[in-house]
S.K.: 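Please read through the structure below; I'll follow up with questions.
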Amino acid sequence: MPASPTPPTAVPAIRRRIRGTPRPARPVRRAGALLVLGFVLLSLNTRVAFGQIGPLAPVAGLGPAAVSVLGLLPPLCMGAFAPLAAVLRRRLGEERGLWWAGLVLVAGAVLRMAGMPGLFAGTVVVSAATAVVNVLIPVLVRTRFPRERTGAMMGVYALSMGAGSALIAALTVPVAQATGSWRPAIGLAVVPAVLAVAGLTPQLRHRPERCTPLGFRAGRAGGPVRTDGAGGVEDTGSAAGAGDAGSAGESGGAGGVGRIGRTGGPGHPEGPGHPGHPGRPHVARTAVAWSLTAFFGVQTLAFYTTLAWLPSILVQAGLARGTAGGAQALLILCVAVGGFVAPVLAARRADQRPHILATVLVCAAGLTGLALAPAGTAPLWVAVLGLGLGAGQALPGVLYAHRGTDHDHVTALSTMAQTCGFLLAATGPALAAALHTATGSWTVPLTAVSAALLVCAAAGLRAGHDPA
């Protein structure tokens, strides 16, 4: 029996899949818009819970011990749970890993409303979920967005993260005062957590591909073939194999958002130090990984110490409690601005050492101003410090993407820096409290953090450039 002829309407689609000719742009644009929307909604949520304790402490009557523990738990848990992100990525992929992390964020945000025990337990849960998000976000950016947009997307991540945290921090005290209880104020964090899960749900349809690190596989006549993100292939010719690791294999048409092929995806266990990466030393044996860890760790120590104690510092300096809470919101807003600007500027250059130095100096200037300047100028120094801390929180994402040689290496650098860095940062709030108790002043703790930042500047320079 002769085979039925191919319907004429199917020929253009078949030719598109074989030749890689452009497909209709509207579905691709819609998929790209949904990806960006989910990315922004998740970013809005990732620091909300941690920015509430500082302004709430004077209103809710939280003692120094409670504030110290609640300031200690997030970096401690994010360091302890950061390695979980690599496991989830291998089993689920970035998209599903982030979705499940968002669901855990919702559970933790709800649990924080259940009295003081719930506040502590929920902070642990939220911190564990945030650890996964912290590690997977740079990998998602490297994987789903073109290389030239790495800085912009990491900037959007930091800006959204800071904006969401600043908004909730500004609402925390008024809600607590209006309701007469801190629980509804803490419950504000549930809203962005739910939005994050809803925004990431469309990404569950995304199917990660298993292909070579550059997104190419062998084609006819030895020429590489690039996957188009939907099962089709495109013969790119032999010259295409010279594409950059960060830009080759991108798809997405007019939307500019697609999937770069990877190793180490779901069901693909290769990673740094695995036999699938011959010749690459274990990440912990490389100078760049330790330099990244030092820079990220000290910057994060300064960030969480400031976040935990800034309102108390300002209240002791003579500002009203409401004004101190507003200064916390200003800090977080400036963190968002600095977090947006720094990666956009840094990603344009191959050498990020000037950006590392500038970040450290701006932070040190803000801390020095808070320690020595009159209370009336506090908002100025809070803004300066926020810009520097924001840059210090966002810049490592660009460094992971630029120093990593492929997606597994980016994951390994991000995991190591955040595991060790957050564990180092966890000591910051407690050490600052101990120094304050011993001296009766915040000048010594602020000076100590400034000194640590200057040491960090020297240790972090190797992370700012590729070896010659």
Side-chain angles (χ1 to χ4, degrees), residues 50-76 165-166 169 172-173 297-335 338 359-390 392-393 424-457:
F50 309 145
Q52 293 179 295
I53 300 303
L56 196 62
V59 177
L62 298 176
V67 174
S68 295
V69 172
L70 289 170
L72 173 69
L73 285 176
L76 185 64
S165 186
T172 295
V173 173
V298 178
Q299 282 290 327
T300 307
L301 181 148
F303 177 76
Y304 280 98
T305 301
T306 304
L307 204 64
W309 293 115
L310 179 64
S312 298
I313 292 170
L314 297 178
V315 167
Q316 183 169 318
L319 272 67
R321 292 180 178 180
T323 304
Q328 182 90 332
L330 174 63
L331 174 82
I332 297 172
L333 183 62
C334 291
V335 165
T359 296
V360 170
L361 292 176
V362 171
C363 289
L367 289 168
T368 303
L370 283 177
L372 303 178
T377 63
L380 170 64
W381 299 113
V382 168
V384 171
L385 179 58
L387 292 173
L389 292 175
Q393 290 296 291
L424 172 64
T427 64
L431 289 176
L435 288 174
H436 175 259
T437 301
T439 63
S441 168
W442 287 106
T443 301
V444 174
L446 292 173
T447 303
V449 175
S450 298
L453 284 168
L454 295 177
V455 174
C456 149

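Side chains are part of it too, since the values below use all heavy atoms of this structure and drop only hydrogens, waters and symmetry mates.
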S.K.: Quick check: closest heavy atoms across A364 and S450, and the distance to 0.1 Å?
M.R.: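 Shortest heavy-atom contact: O-OG, 4.0 Å.
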S.K.: Side chains of V455 and V298, heavy atoms from C-beta outward: is any pair under 4.5 Å?
M.R.: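 Not touching, per the 4.5 Å side-chain cut-off.
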S.K.: If you apply the rule side-chain contact (heavy atoms from CB on, under 4.5 Å), what do you find for L370 with L314, and how did you get there?
M.R.: CA-CA 9 Å; L370 283 177; L314 297 178; 4.2 Å; yes
S.K.: If you round to the nearest 0.5 Å, how far is OH of Y304 from CG of L424?
M.R.: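 L424 atom CG to Y304 atom OH measures 13.0 Å (nearest 0.5 Å).
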S.K.: Minimum heavy-atom separation for V384 to V362, with atom names?
M.R.: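 Looking at all heavy atoms of both residues, the closest pair is O-CG1, 3.4 Å.
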S.K.: Could you give me the CA-CA distance, side-chain angles and deciding distance for Q299 and L453, then say whether side-chain contact (heavy atoms from CB on, under 4.5 Å) is met?
M.R.: CA-CA 7 Å; Q299 282 290 327; L453 284 168; 3.5 Å; yes
S.K.: Which atoms form the tightest heavy-atom contact between C363 and G388, and what is the distance?
M.R.: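 Closest heavy-atom pair between C363 and G388: SG-C, 3.1 Å.
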S.K.: Take the angle between the ring planes of W442 and W309 and call it parallel below 30°, perpendicular above 60°, tilted in between.
M.R.: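 Judged by the thresholds at 30° and 60°, the geometry between W442 and W309 is tilted.
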S.K.: Is there a side-chain contact (heavy atoms from CB on, under 4.5 Å) between C334 and V382 once you walk through the steps?
M.R.: CA-CA 8 Å; C334 291; V382 168; over 6 Å; no
S.K.: P445 and A432: which non-hydrogen atoms are nearest, and at how many Å?
M.R.: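 Closest approach of P445 to A432: CG-O, 3.6 Å.
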S.K.: Let me confirm one number: the CG-CG distance from L307 to L310, rounded to the nearest 0.5 Å.
M.R.: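 Going from the CG atom of L307 to the CG atom of L310 covers 8.5 Å.
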S.K.: Only pairs at least two apart or in different chains count here, so list each ring-ring contact (aromatic ring centres under 6.0 Å, His included) that has a residue in residues 310-332.
M.R.: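 As it turns out, there is no ring-ring contact (aromatic ring centres under 6.0 Å, His included) pair with a partner in residues 310-332 once direct neighbours are skipped.
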S.K.: For L301 and A425, which heavy atoms make the closest approach, and how far apart are they?
M.R.: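 That would be N-CB, 3.4 Å.
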S.K.: First locate atom CG of L385, then atom CG of L331, and finally report the distance between them rounded to the nearest 0.5 Å.
M.R.: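 Taking CG in L385 and CG in L331, the distance rounds to 6.0 Å.
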S.K.: If I take atom OG1 from residue T359 and atom CG from residue L387, how far apart are they, to the nearest 0.5 angstrom?
M.R.: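 With rounding to 0.5 Å, OG1 (T359) is 10.5 Å from CG (L387).
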S.K.: Is there any side-chain hydrogen bond (donor to acceptor under 3.5 Å, both in side chains) pair reaching into residues 371-388, and which pairs are they, with sequence neighbours excluded?
M.R.: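 Found T377-W381.
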S.K.: Which residue is it: T368, L367, L435, L372? I am looking for the one with a side-chain contact (heavy atoms from CB on, under 4.5 Å) to L446.
M.R.: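 Of T368, L367, L435, L372, side-chain contact (heavy atoms from CB on, under 4.5 Å) with L446 is met by L367 alone.
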S.K.: Closer than 3.5 angstrom, by distance alone: can the side chain of T305 be matched with the main-chain N or O of A302 as a donor-acceptor pair?
M.R.: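 No.
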